[in-house]
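Accompanying notes for the structure given below.
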Amino acid sequence: MRKITKLTSPRGQDARPTQKRNRLRQQRALGSLIETALDSVPQGIAVYDDDEVIRYANSRFSELLGIRKGQICSGMKLQQLLDAHAQRIGTASMYEVAFAKHGLKRTRAVLHINKAVNRIVTVTQHAVATGGWVATVEDVTDRRNVERKYSLNINSDSLTDLPNRASFMELLQQSISHSRQEKKIALLCVDINRFNRVNEMYGNEVGDTLLKAVVYRLANCIRTSDTLARTGSDEFAIIQAGVKKPKDAAVLASRISEALSQPYRVGPNSEEVSVSAKIGIAIAPVDGIEVDVLMKHANLAMYRAKNITHTDYSFYEPGLDADLITRHALEQEMKHALQRNEFELYYQRFVNLEKGNVVGYEALLRWQHPERGILMPDKFIPIAEECGLIDDLGHWVIRSATQQASQWQRGTRLAINLSPLQLQNRALHHVIQESLKQAKLPAKQLEIEITESTFLHNSTINIKMLQRLKRLGARIVLDDFGTGYSSLGYLLDFSFDKLKIDRSFISGYPNNRQSALLVNAIVGLGDSFGMVVSAEGVEKLSQVRQLRAVGCQEAQGFYFGRPEPMKGAHHSAVV
Ligand code: C2E
Ligand code: MG
Ligand code: MG
């Protein structure tokens, strides 16, 4: 310290001229050597004396602080340096703040962000025993960048650089704890539909490009105060800050779905691909103050948008849980239920009213759920239709029921129910044909029951399949007739073998006048079109008598027998 101080101090007077001059020359030579050495080190070094006066500073010192070289000179007061620095970077520097906080002489390491040159430097001060201190300034930009990148890799998704699920949960926790009744936050869970198809069709590279494009559009939809993260392969989450009313979140959700649904051009051939988004929204603190709860609620809302309301976005609502969770759980469980043999067919007889004999049995599906007990078809058929399991399930029904029917008395008919979606699968014809062959069951003994909804969507394809099945020899039956569809036009498009009057018209029959008129009309319709008419849901003798009297040929209902497993059902007594 002393030596360095002397480097910049004024020359003293020579007592013994030659000796002193030599010593001085030597000292100056040594001084400039040290100066050169200090100038070549990567750190910036400054030496202060006890009066806060700079006695020495190397050129790296001014360089790293972003101050012009000539601005720092020996004899300069610390305050002058701080002023020069503040002037350079336009604000009071961290350097100054650190001095104010820690005092001058204490040994401290201070992080200093030098905005002017966009570098990160640390300033370390070493108090010196003889008074004053040495300040060392070090450029740590590269080290910090590496560290930051490393920590980014842990907390962020490598493809998109967005926060990953784990770090998003932390950010969400912070946002929830800052949310208030008047300053809410909205959590939006965004699920990209059809992303997997793009991956399958064009490969992962194109899939990755698409994801980046999605992120770009998402980022353009949000404000800087919002947070965007990638929470799953094709799932994103957004924390929308400063939400005053739900409408604010709805506006953002619409903006996102609009932006994401515009076509993308990806891949080497600039293929045009489209995806869409389903968004679930939960608001904190109203919909939850715990991260897991809020995430679950936003996901439930997304599930609802996707599977129930079929809208672009949906809000969480209390009470949504139970139904949706059950539905979601059933969907997952159903995937294994077929392998685990949990499905079973019950059979319900139907009779010829005139002769009073059983003409056949309708196969009705049951799920013997290991925990929930017997589940009825209305609880799981719609889910099977949605999650694409209806074909496998339907094929199982066809194979099992035809096998069962092969044991019955000759001529006993088998009725099976088909969902409209099954008609769109070309394999259906083959499965039915093969199953009949295996069971050695004549096709004319098979009745295929479909509902009016078959004619709502893709009716041309559906009608074609029905025609093929009819050509095979099967009888085609219109089930639940009178519900669901207002036009009778489809009776002209396809010639059914049988109409089953929906049980809602039979329940008040014969006392209810309207029901009676309707049943009469349907029987008349069947007569004119050459179709057998059957009544469903027959529970009373009075109904049997009246139906017989008006010329309804067949009937089915608890009066004749409930659906039951086949053990002995076909031996029971008739009317
Ligand atoms: P559906 O084909 O109209 O079947 C008749 C339904 O009415 C059956 O309900 C049966 O138990 C019930 N039922 C029969 N007689 C009476 C009665 O006298 N009174 C009352 N109150 N109800 C009676 P289930 O078994 O719950 O089936 C409901 C629906 O599920 C069926 O209606 C059918 O559309 C569908 N379904 C059943 N099995 C299958 C299947 O294997 N595949 C497909 N796609 N759908 C099926
Ligand atoms: Mg039916
Ligand atoms: Mg029915």
Side-chain angles (χ1 to χ4, degrees), residues 346-364 378 409 411-418 444-455 466 470 474-564 569-570 572-575:
Y346 278 33
Y347 293 88
Q348 187 182 30
R349 59 183 58 180
F350 49 95
V351 302
N352 179 306
L353 279 174
E354 205 186 329
K355 297 184 186 149
N357 62 324
V358 175
V359 283
Y361 294 88
E362 177 177 4
L364 294 162
D378 59 320
Q409 225 171 39
T412 309
R413 283 187 251 147
L414 163 70
I416 55 168
N417 294 280
L418 288 190
K444 64 175 193 310
Q445 272 174 243
L446 179 67
E447 293 196 345
I448 291 171
E449 297 193 4
I450 54 131
T451 55
E452 290 162 296
S453 60
T454 303
F455 299 94
L466 288 178
K470 202 172 160 119
R475 290 155 55 87
I476 313 294
V477 177
L478 188 53
D479 202 355
D480 302 344
F481 184 67
T483 58
Y485 198 45
S486 53
S487 161
L488 291 181
Y490 54 87
L491 289 181
L492 300 172
D493 293 339
F494 189 80
S495 60
F496 288 96
D497 297 283
K498 177 158 129 183
L499 287 185
K500 286 177 85 172
I501 308 173
D502 190 71
R503 66 168 190 266
S504 57
F505 304 120
I506 303 299
S507 60
Y509 190 76
N511 300 336
N512 183 299
R513 219 178 94 81
Q514 254 83 21
S515 298
L517 285 173
L518 232 137
V519 169
N520 286 349
I522 297 173
V523 170
L525 197 73
D527 220 19
S528 339
F529 278 81
M531 298 176 289
V532 170
V533 173
S534 176
E536 287 187 293
V538 176
E539 296 181 354
K540 294 183 229 150
L541 181 62
S542 56
Q543 292 168 334
V544 177
R545 286 194 177 134
Q546 190 59 28
L547 285 165
R548 199 180 268 146
V550 298
C552 178
Q553 295 104 314
E554 289 183 8
Q556 182 178 355
F558 294 169
Y559 179 80
F560 307 105
R562 289 178 178 258
E564 50 185 347
H570 61 297
S572 337
V574 186
V575 190

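Basis for what follows: all heavy atoms, side chains included, without hydrogens, waters or symmetry-related copies. Quantities reported herein were computed from a predicted structural model and do not represent experimental measurements.
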Full working for side chain to side chain contact (heavy atoms under 4.5 Å, CB included) between N357 and V359: CA-CA 6 Å; N357 62 324; V359 283; 4.3 Å; yes

Candidate pair Y347 and L414, rule side chain to side chain contact (heavy atoms under 4.5 Å, CB included), full reasoning: CA-CA 9 Å; Y347 293 88; L414 163 70; 4.1 Å; yes

Validation row, ring centre F560 to ring centre F558 under 6.0 Å: no

With side chains defined as the heavy atoms from C-beta onward, is the minimum distance between [X] and [Y] less than 4.5 Å?
X: L492; Y: F529; result: yes
X: E449; Y: L418; result: no
X: R475; Y: E447; result: yes
X: V538; Y: F350; result: no
X: D480; Y: R503; result: no
X: I450; Y: V477; result: no
X: F496; Y: V532; result: no

Sole residue of V523, L353, V533 in side chain to side chain contact (heavy atoms under 4.5 Å, CB included) with L547: L353

Closest approach of N417 to D479 (non-hydrogen atoms, all atoms of both residues): OD1-OD2, 3.1 Å

Considering all heavy atoms, the nearest I506-A535 contact: CD1-CB, 3.7 Å

Partners meeting side chain to side chain donor-acceptor pair (under 3.5 Å) with S504 (sequence neighbours left out): D502

Could you state the interatomic distance from [atom1] ([X]) to [atom2] ([Y]), rounded to the nearest 0.5 Å?
X: L518; Y: F505; atom1: CG; atom2: CZ; result: 5.5 Å
X: Q556; Y: Q348; atom1: CD; atom2: CD; result: 4.5 Å
X: N512; Y: L517; atom1: CG; atom2: CG; result: 9.0 Å
X: N352; Y: R548; atom1: CG; atom2: CZ; result: 9.0 Å
X: D493; Y: L491; atom1: CG; atom2: CG; result: 9.0 Å
X: F481; Y: L499; atom1: CZ; atom2: CG; result: 5.0 Å

Salt-bridge contact R413-E554 (side-chain N to carboxylate O under 4.0 Å): yes

Evaluation steps, salt bridge (Lys or Arg N to Asp or Glu O under 4.0 Å), between E362 and K500: CA-CA 12 Å; E362 177 177 4; K500 286 177 85 172; 2.9 Å; yes

Steps toward side chain to side chain contact (heavy atoms under 4.5 Å, CB included) verdict (Y361, I416): CA-CA 9 Å; Y361 294 88; I416 55 168; over 6 Å; no

Residues E354, Q553; criterion side chain to side chain donor-acceptor pair (under 3.5 Å); working and verdict: CA-CA 7 Å; E354 205 186 329; Q553 295 104 314; over 6 Å; no

By side chain to side chain contact (heavy atoms under 4.5 Å, CB included) - contacts of A474 (at least two apart): L446, I448

Pairs where residues 529-547 contributes a residue and the test side-chain hydrogen bond (donor to acceptor under 3.5 Å, both in side chains) is met, not counting sequence neighbours: none

Lys/Arg cation over aromatic F494: K470, 6.0 Å, 45° cone: yes

CA sep, side-chain torsions, deciding dist, call: T483, E452, side chain to side chain contact (heavy atoms under 4.5 Å, CB included): CA-CA 8 Å; T483 58; E452 290 162 296; 3.6 Å; yes

